[in-house]
S.K.: 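Would you mind keeping the following structure in view while I ask a few things?
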Number of protein chains: 2
Amino acid sequence: MDPQPSALSSGAPTGMSTGVRGGASGGAPGGLRERKKIATRQALHEAALRLVLRDGLAGVTVEAIADAADVSRRTFSNYFSGKEEALLYGDRARMRDFLDTIRSRPAAETPWTAMRETMRSLRDTFGARGPGVTAQLRVLRKQPSLIVSQGAIFAELERELTAEFVARGATPALRAHLLAGTCLTAVRVATAQWIEEDGATPLPDLVDEALHILRPAFDD
Amino acid sequence: MDPQPSALSSGAPTGMSTGVRGGASGGAPGGLRERKKIATRQALHEAALRLVLRDGLAGVTVEAIADAADVSRRTFSNYFSGKEEALLYGDRARMRDFLDTIRSRPAAETPWTAMRETMRSLRDTFGARGPGVTAQLRVLRKQPSLIVSQGAIFAELERELTAEFVARGATPALRAHLLAGTCLTAVRVATAQWIEEDGATPLPDLVDEALHILRPAFDD
DNA sequence: GGCAAACTTGCGCAATGGGCAACTTAGGTG
DNA sequence: CACCTAAGTTGCCCATTGCGCAAGTTTGCC
């Protein structure tokens, strides 16, 4: 029915759910319980995506999404705090990927190098999202409350990234924070451009271009 | 009762309300009607601020704010779409100031120069916010939904600023957008730092410092 | 004075988020 | 395997919210 049902989500649901609500509460990684939770979360996400793309954010109720995923409205709340969060599940996953990747870079690398190499190694992940995705994203971008929720993700990411940069020796605090915020702005802006020009240039290339402009300010 | 009732708002409510809901609907600038509207908006804003600082965002209902400002809950909705918007009224006003200022710079100035001069001329406006404000802001910053709504303001600002930079000859689109986003990141980060160190360094100085770091990437 | 536009208010309604308690199920234990 | 416990699901309930609508009320202007 949908050629790319989870085009906007993380390809393979990258584990780590552990406790239907955020709290880490230990659980067998491969257990049935865990797999079911991930499946439910994914189902809710995809249902939300499908319905919202069809009817617009305002035209879809939480109940409708829950129904489409065969769970109760109450259960929806157990997984996501609202429609926005369900829709941005994929973005959150990508955020975790990004953080995991950059954290696993050699500790000796400077912030800028770690950033550059991280983007290089995620090239495939981000570049893989094929055509059609831009069109969908264009629709979703219309919804103000979504952009806003996106902001929450970036804010969190910025905090984490700043900490990572500080750990890599960025000083002073202002510069570390600025570096993190600026890198994320590069990603945001590149993505916006990518959507606008309908994927004409591969996303990773646009990010590279943006980072290249910033290089004179931060490359050590 | 409150030493700085509107510390977070714009000092003098910079006119331009014109139509209780956004839509510009012509109205005498000095008329009683217009003055009442501005007063009501300001009263709602201050009531929101006071109550939220006391009881936390979740601990205050729209109704309580409306009561404190002597209007009905329904009227609150006529002015603001929610608690967050009421709280951020001051930020929106500052955003408009900023845009008005930069737009009125000579058209021949490059984006970077216009930006620098705008910050210089707003130095007093932003620097004037005295001590105590940082403490309040620190409290407000705890509320996730507020940061998120702040993001909405910045997003809008980024769009407008990008357009302004394009008008001033910034190319290509990616660079113009990146420049706008980066400048705003500088402001955001500087403000965060300012709050964190409790106003030790004047905000304008921190913004200058941030912009100085970025200079190598954008100064033409 | 008097009219029209603008604003306020109360009422109603659907949607939402979240607490609570009963029920169901996965996972480990003797 | 029977059994127990913790985790997850669901229905029920309620306070809050955003908004449309249709009176009232006020302001601005001829």
Side-chain angles (χ1 to χ4, degrees), chain A residues 17-44 48 51-52 55-87 143-145 148-149 152, chain B residues 16-44 48 51-52 55-67 69-87 143-145 148-149 152:
Chain A
S17 95
T18 324
V20 67
R21 274 293 29 186
S25 57
L32 171 59
R33 197 160 228 153
E34 209 65 13
R35 273 180 289 130
K36 266 194 177 177
K37 276 190 323 196
I38 295 181
T40 302
R41 205 180 294 270
Q42 190 72 19
L44 282 169
L51 293 180
V52 168
D55 303 332
L57 187 53
V60 175
T61 66
V62 169
E63 188 153 26
I65 299 172
D67 282 353
D70 279 307
V71 291
S72 69
R73 179 171 79 87
R74 193 63 188 72
T75 294
F76 176 96
S77 289
N78 288 339
Y79 284 90
F80 299 109
S81 69
K83 289 179 274 191
E84 293 82 5
E85 201 176 301
L87 287 169
Q143 320 293 336
S145 67
V148 160
S149 295
Chain B
M16 203 224 108
S17 95
T18 323
V20 67
R21 272 301 19 190
S25 56
L32 171 59
R33 192 161 234 153
E34 207 65 14
R35 273 180 289 129
K36 266 194 176 178
K37 274 190 325 197
I38 294 182
T40 301
R41 206 179 293 269
Q42 189 72 19
L44 282 170
L51 294 180
V52 169
D55 304 331
L57 187 53
V60 175
T61 65
V62 170
E63 188 153 26
I65 298 172
D67 281 353
D70 279 308
V71 291
S72 69
R73 179 172 80 86
R74 194 61 188 76
T75 295
F76 176 96
S77 288
N78 287 339
Y79 283 91
F80 299 109
S81 70
K83 289 180 275 190
E84 293 81 5
E85 200 178 300
L87 287 169
Q143 320 292 338
S145 66
V148 160
S149 296

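No hydrogens, no waters, no symmetry mates; every other heavy atom, side chains included, goes into these values. As the structure is a prediction and not an experimental result, all values here were calculated from the model. A, B, ... follow the sequence lines: proteins, then strands. Residue 1 opens every chain.
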S.K.: Measure the distance from CD1 on A:I65 to P on C:dA15 and round it to the nearest whole Å.
M.R.: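 These atoms are roughly 12 Å apart.
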
S.K.: C:dT16 C1' sits how many Å from A:E84 CD, rounded?
M.R.: 11 Å

S.K.: Students often get this wrong, so: under 4.0 angstrom with heavy atoms, is B:F80 touching a base, only sugar-phosphate, or nothing?
M.R.: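 Nothing, no nucleic acid heavy atom in range.
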
S.K.: Could you give the NZ-to-C1' distance, from A:K83 to C:dG17, as a whole number of Å?
M.R.: 13 Å

S.K.: I want to confirm an ordering. Mapping A:T61 and A:K36 to their closest nucleotides on DNA chain C, which one lands closer to the 5' end?
M.R.: A:T61

S.K.: Could you state the atom-to-atom distance from CG of A:D67 to P of D:dT10 in whole Å?
M.R.: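 Rounding to the nearest Å, CG of A:D67 and P of D:dT10 are 11 Å apart.
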
S.K.: Checking contacts here: which listed nucleotide (D:dT9, D:dT26, C:dT9) is nearest the side-chain heavy atoms of A:V20?
M.R.: D:dT9

S.K.: Write down the distance between CZ (A:R35) and P (D:dA7), rounded to a whole number of angstrom.
M.R.: 19 Å

S.K.: Nearest whole Å is fine: how far is D:dG18 P from B:Y79 OH?
M.R.: 17 Å

S.K.: Taking NZ from B:K37 and P from D:dT25, how many angstroms apart are they, rounded to a whole number?
M.R.: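 The distance from NZ of B:K37 to P of D:dT25 comes to 21 Å, rounded to the nearest Å.
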
S.K.: Anything under 3.5 Å between a protein N or O and an N or O of nucleotides 11-14 of chain D, put it in a table, one pair a line.
M.R.:
unit_1 : atom_1 : unit_2 : atom_2 : d
D:dG11 : O6     : A:R74  : NE     : 3.4

S.K.: Measure across A:L51 and A:A68 and return the closest heavy-atom pair with its distance rounded to 0.1 Å.
M.R.: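 Closest approach of A:L51 to A:A68: CD1-CB, 4.0 Å.
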
S.K.: So which atom in B:G82 and which in B:F76 form the shortest heavy-atom distance, rounded to 0.1 Å?
M.R.: O-CZ, 3.6 Å

S.K.: When you check the phosphate oxygens OP1 and OP2 of D:dG18, does a side-chain N or O of B:S81 lie under 4.0 Å from one of them?
M.R.: no

S.K.: Quickly work out the B:E63 CD to D:dG18 P distance and round it to whole Å.
M.R.: 12 Å

S.K.: About how many Å separate OG1 of B:T75 and CG of B:D70, when rounded to the nearest 0.5 Å?
M.R.: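 OG1 of B:T75 is found 11.0 Å from CG of B:D70.
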
S.K.: Could you pull out every donor-acceptor pair under 3.5 Å between side chains of residues 55-65 of chain B and any protein atom, sequence neighbours left out?
M.R.:
unit_1 : atom_1 : unit_2 : atom_2 : d
B:T61  : OG1    : B:A64  : N      : 3.1

S.K.: Just wondering, do B:K37 and B:Y79 contact through their side chains at under 4.5 Å, heavy atoms?
M.R.: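 Yes, close enough: below the 4.5 Å cut-off.
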
S.K.: With a 3.5 Å distance limit and no angle check, can you tell me whether B:R41 reaches the backbone of B:F80 through a side-chain donor-acceptor pair?
M.R.: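 Checked: no pair found.
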
S.K.: Hey, which sits more toward the 5' end of DNA chain D by its nearest nucleotide, B:R33 or B:V60?
M.R.: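 The residue whose closest nucleotide sits nearer the 5' end is B:V60.
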
S.K.: Side chain of B:V62 only, please: which of D:dT9, D:dG18, C:dT16 is the nearest?
M.R.: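 The nucleotide sitting nearest to the side chain is D:dG18.
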
S.K.: Give one of base, sugar-phosphate or nothing for A:F76, where a contact means two heavy atoms less than 4.0 Å apart.
M.R.: nothing

S.K.: Show the nearest heavy-atom pair for residues A:A66 and A:L44, with the distance to one decimal.
M.R.: CA-CD2, 4.2 Å

